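Structure, as C-alpha cells:
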Amino acid sequence: MKGLCATGASVALLLALSACDSGGSGSVSTPAPSATPTPSPGAAVSGVLPANGETAAYKDTLLKLTFASAPVATGSGKIRVYKSDGTLVDTIDTSADVVAAGGETQVALGNGNTEIDKIGNGVPSLTQWRFTYYRPIRIAGNTVSIKLHDNVLAYDTSYYVTIDKSTFNGEFNGSSTFQGISGTTAWTFKTKSAPTSTTAVTVDDDGAADFRSVQGALNYMMTVGCTSCAGSAAAKTITIKNGTYDEQLFLRNTSNLTLVGESRAGTVVTSSNWDAFNPGVGGSRTAPNTTFTNIGGASALGNRLSLGGGRAVMLIEGGDQIKVTNFTMRNTHVKDATQNSQAEVIYFNSANINGSRFVGTDMNFLSTQDTLQMKGWVWIYNSLIAGDVDFIWGYPYAMAIENSELRTVYDPSAPTSGGYIFQARSAKGYPGFVVLGGSLTSESTVPSGSTYLARSGGVYQAGGYCQTMLVLGGGSASNATQYCDNVSFIGVRMGGHVATAGWWITPIPNLLPSNAEGWRESGSLNAAGTALSMTGRNTTYGSSTADLSALNTRAKVFAQWNGTVGWNPAP
C-alpha cells in the first residue's frame, strides 16, 4: 500500500507512522532513497502554480499545471516534492497500487488516483489523526490540480517538484507531449511565513490570505488554540472567502472556534466521500485500521480497507463552542443502489454534559443519506438541511433545529421512496431532536406522501422500551442507553411529500409517546401555513396531542446543559 509515507508504504509501513512523520513539516528524516535517484538539472517550466521561483507560496498550496489543451492522467507515474537540500517530503503515486497492495478486492470504485491521507499530520497537539482515502489528481479544463498529503510542507521553506514523464499526456510547456519535470531547478518555490495572528485567519482559493485550504487553517488553529494550548479559551475565527474548497476536514480538541463564509451561496466546502469509498461513520485513530468491509453490502462488490476516518466531509471531535455560519457544505456523492452510500456532511463526534456545543447558522448542509450526524448539544438556525434517508441522525443530548428548512431530495437509488427525515438515537432523559418552526419541503421529483418524519433507530431494552437513564459523559453508539427514539416537531410547516401516517413503524420505536419523550408533534401546519389535518396519523407510536410547551424555545431545549446552568445561544 502507498499513500502515507513519502516513499510509498506497504501495509507494515502504514502501521509504523512514526517512520513517515517528523513533526510539523510532515517530511521524512532521510534523503530520497536509492530507488529514487536525485534528478539531474532540468529546464525551468512555466504554466505551473506556485510559479517557478515563487518566494511566498502557501504552505497548503495545491500544485497546478496548465496545459495547452485538456490533459489526460495516464494512471502511471509519480509526483515528488523535495526540500531544497534533497530531502523527500511527499510522493503522490497516480497508479492503482493502493488497492492491489492493500489486498482489496473491490473494483467498482476505480483503483487509480487513490492515496491515503493522514489529516492533521504534524499538528503538535494531536496524538490521533483522521485516515482516509482521497483523490489527489483533479483535472478541470486544461488545468491539473494536485493535492499533496496533508500538512507535508513547512513555513518559510524552499522546495522543488518533479513529475514523471509518464504521468500525463498533453501539450505542455511548449512541447507537443508532456516531457515530465525533473531536476532541482525546473520547478522551485519557497513557502511564506506563518500568520501573525493566533485568533483570526483567512482562507482564499485565489486571493491574498493566510491559507489556501480550510484544513490548512484548521491545522493552524489546532496548533495555536487546542484545548491544552495557551490559546484555548480565546475566541478564534477562520474566515473563508468565496470559492469552492474540495477537501476532507478534521478538527479535534479545539474550542471557541467559528468558521464564517464570505457568502452563503458563494463559499462552498465540499467533497465526494461516502461509505463505499471511506467505510464507516469515522473517528480519529493512532494508526489506520486494517480490517476490511464489503462496499456493497448484500451486493458483494468486494472488500475495501476501512481505514477509520469515515465518510463525512468534516469530522469534529472534542471541543466546545464550534460554530459554522454563512456558507455551504456539500457532500457531492450521488447514491448508487449497489453501493453503501451513506455520505454525511458533518459528523460531530463530541458528547459531554458540560461542553460539546455546536452551532450552525445561515448554513446550507447538502447531501443525501445521513447528512448530519450529531452528538452533544446542537443548535441549527435559519439554515437548510437537505437529504433523503435518515438525513438528520446521531446520539445527542439535545439538538434544536430552529427556523430552518428540512428538504427531502430525490433518491435515484429508490425513486418511489421519499425516505425518512430523522433516525433518532438520542439520550434517554434529554430532549433529543426538536424542530422549532421552519418547514419540511421536497424537490418536485419526490413522490407525494412518501416521506416519513422519522424511523426507529432504537434498540430494545428489557421490558421493550428505552427505560434506562443515560450515563453522563456518554454519547457513543456503543452505549445502548443512547438508542432512544425521541423527536419533536413544534409549529412546523409540512409539505405534501410527508406521509399521512407521519411515522414509519418498522421496526417499532423503542419509546411510547408522552409529554416528555417519544415521537411527537404539536401545532403542525400545511405548506400554506394553516392547521394540518391529523386524519390518518399514527396515534399509537406518535402523538399530535402531547403538551410540548416544555420544549418550545431553544433555552428550554438546552436547559439541562451543564446541570442547571443551561445554554441559550444567540445568532
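Quantities reported herein were computed from a predicted structural model and do not represent experimental measurements.
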Inset, instruction - Please determine, by modelled atom types, if Ser263 and Asn242 share a side-chain donor-acceptor pair under 3.5 angstrom. - result: yes
Legend entry - Test item: Val48 and Phe189 side chains (from C-beta on) under 4.5 Å apart, heavy atoms: no
Legend entry - Full working for side-chain contact (heavy atoms from CB on, under 4.5 Å) between Leu62 and Leu49: CA-CA 8 Å; Leu62 293 173; Leu49 186 73; over 6 Å; no
Legend entry - side chain to side chain contact (heavy atoms under 4.5 Å, CB included) partner of Leu257, the single match among Lys236, Lys323, Gln321, Met222: Lys236
Inset, instruction - Could you tell me the separation between the OG1 atom of Thr408 and the NE2 atom of His497, rounded to the nearest 0.5 Å? - result: 4.0 Å
Inset, instruction - State, with a plain yes or no, whether a side-chain heavy atom of Tyr245 is found less than 4.5 Å away from one of Ile240. - result: yes
Inset, instruction - Consider only side-chain N and O atoms of Tyr347 and Lys375, and report whether a donor and an acceptor are under 3.5 Å apart. - result: yes
Inset, instruction - Could you pull out all residues at least two apart from Asp388 that satisfy salt bridge (charged side-chain N to carboxylate O under 4.0 Å, His left out)? - result: Lys335
Legend entry - Test item: Tyr155 and Ser193 side chains (from C-beta on) under 4.5 Å apart, heavy atoms: no
Inset, instruction - Check whether any side-chain N or O of Asp205 sits under 3.5 Å from a backbone N or O of Arg212 as a donor-acceptor pair, and report yes or no. - result: no
Legend entry - Separation between CD1 of Ile401 and CE of Met399, rounded to the nearest 0.5 Å: 4.0 Å
Legend entry - Derivation and outcome, side chain to side chain donor-acceptor pair (under 3.5 Å), residues Thr325 and Thr361: CA-CA 5 Å; Thr325 183; Thr361 64; 2.8 Å; yes
Legend entry - Derivation and outcome, side-chain contact (heavy atoms from CB on, under 4.5 Å), residues Leu153 and Tyr159: CA-CA 9 Å; Leu153 303 182; Tyr159 298 95; 3.7 Å; yes
Legend entry - Asn326 and Asp362 side chains, donor-acceptor separation under 3.5 Å: no
Legend entry - Partners meeting ring-ring contact (aromatic ring centres under 6.0 Å, His included) with Trp187 (sequence neighbours left out): none
Inset, instruction - Keeping the roles fixed (side chain from Ser367, backbone from Ala343), state whether a donor-acceptor pair exists under 3.5 Å. - result: yes
Inset, instruction - Could you tell me whether the side chains of Ser271 and Asn273 share a donor-acceptor contact shorter than 3.5 Å? - result: no
Legend entry - Criterion side-chain contact (heavy atoms from CB on, under 4.5 Å) on Val557 and Glu402, from CA distance to verdict: CA-CA 11 Å; Val557 174; Glu402 184 176 358; over 6 Å; no
Inset, instruction - Answer yes or no for Arg357 and Trp567: cation-pi contact, defined as NZ/CZ to six-membered ring centre under 6.0 Å and angle to ring axis within 45°. - result: yes
Legend entry - Exam field: side chain Ser299 to backbone Leu301, donor-acceptor pair closer than 3.5 Å: no
Inset, instruction - Tell me yes or no: between the side chains of Asp150 and Asn219, is some donor less than 3.5 Å from an acceptor? - result: yes
Legend entry - Cation-pi check, Arg304 onto Tyr133 ring (under 6.0 Å, within 45° of axis): yes
Legend entry - Crowding at NZ, Lys192 (>12 non-hydrogen neighbours, <6.0 Å): yes
Inset, instruction - Working to the nearest 0.5 Å, report the span between CG of Asn568 and CZ of Arg554. - result: 6.0 Å
Inset, instruction - Go through Tyr58 and Asp60 one step at a time and tell me if the side chain to side chain donor-acceptor pair (under 3.5 Å) criterion holds. - result: CA-CA 5 Å; Tyr58 289 83; Asp60 55 341; over 6 Å; no
Inset, instruction - For residues Met494 and Leu453, determine if any side-chain heavy atom of one lies less than 4.5 Å from a side-chain heavy atom of the other. - result: yes
Legend entry - Rounded distance [0.5 Å steps], CD1 in Ile316 versus CG in Leu218: 8.5 Å
Legend entry - Salt-bridge criterion met for Arg455 and Asp390 (N-O under 4.0 Å): yes
Legend entry - Flag side-chain contact, heavy atom, 4.5 Å: Val334 against Pro412: yes
Legend entry - salt bridge (charged side-chain N to carboxylate O under 4.0 Å, His left out) partners for Asp210, two or more places apart: none
Inset, instruction - Give me the ring orientation class for His149 and Tyr134: parallel if the planes are under 30° apart, tilted from 30 to 60°, perpendicular past 60°. - result: perpendicular
Legend entry - Near-ring test Tyr220/Phe211, centroid separation under 6.0 angstrom: yes
Legend entry - Value rounded to 0.5 Å, distance of CZ in Arg252 from CD1 in Ile119: 14.0 Å
Inset, instruction - Flag the pair Ile421 / Thr451 as yes when at least one side-chain heavy-atom distance between them is below 4.5 Å, and no otherwise. - result: yes
Inset, instruction - Give the ring-plane orientation class for Phe178 versus Phe67, where under 30° counts as parallel, over 60° as perpendicular and anything between as tilted. - result: tilted
Inset, instruction - Check whether the side chains of Asp246 and Thr270 place a donor and an acceptor atom closer than 3.5 Å, and report yes or no. - result: no
Inset, instruction - Step by step, work out the side-chain contact (heavy atoms from CB on, under 4.5 Å) result for Lys190 and Asp156. - result: CA-CA 6 Å; Lys190 183 179 180 181; Asp156 199 28; 3.1 Å; yes
Legend entry - Side-chain heavy-atom pair Thr114, Arg135 within 4.5 angstrom cut-off: yes
Legend entry - Glu344 side chain reached by Thr371 side chain, heavy atoms, under 4.5 Å: no
Inset, instruction - Classify the side-chain pair Ser341/Gln369 by whether it contains a donor and acceptor separated by less than 3.5 Å. - result: no
Inset, instruction - Using only heavy-atom distances, determine whether the side chains of Arg330 and Asn364 contain a donor-acceptor pair under 3.5 Å. - result: no
Legend entry - Selection residues 307-343 - residue pairs positive for ring-ring contact (aromatic ring centres under 6.0 Å, His included), sequence neighbours left out: Trp274-His333
Legend entry - Side chain Ser383, main chain Tyr381, donor-acceptor under 3.5 Å: yes
Inset, instruction - Begin from the C-alpha positions of Phe433 and Phe489 and carry the test ring-ring contact (aromatic ring centres under 6.0 Å, His included) through to its verdict. - result: CA-CA 9 Å; Phe433 297 87; Phe489 293 86; over 10 Å; no
Legend entry - With sequence neighbours excluded, residues passing side chain to side chain contact (heavy atoms under 4.5 Å, CB included) with Ser255: Thr227, Asp320
Legend entry - Under 3.5 Å side-chain donor-acceptor pair for Thr132 and Gln248: yes
Legend entry - Which residues share a side chain to side chain contact (heavy atoms under 4.5 Å, CB included) with Ser306, sequence neighbours left out: Pro279, Asn289, Thr291, Thr293
Legend entry - Pair Ser404-Asn382, side-chain donor/acceptor within less than 3.5 Å: no
Legend entry - Nearest-0.5 Å distance that lies between atom CD1 in Ile79 and atom CD1 in Ile92: 6.5 Å
Inset, instruction - Please step through side chain to side chain donor-acceptor pair (under 3.5 Å) for the pair Thr441 and Glu405, ending with a clear verdict. - result: CA-CA 7 Å; Thr441 66; Glu405 178 186 353; 2.6 Å; yes
Inset, instruction - For salt bridge (Lys or Arg N to Asp or Glu O under 4.0 Å), just list the numbers for Asp370 and Arg311, CA-CA rounded to whole Å, side-chain angles, deciding distance to a tenth of an Å, and then say yes or no. - result: CA-CA 10 Å; Asp370 297 356; Arg311 63 203 182 205; 3.3 Å; yes
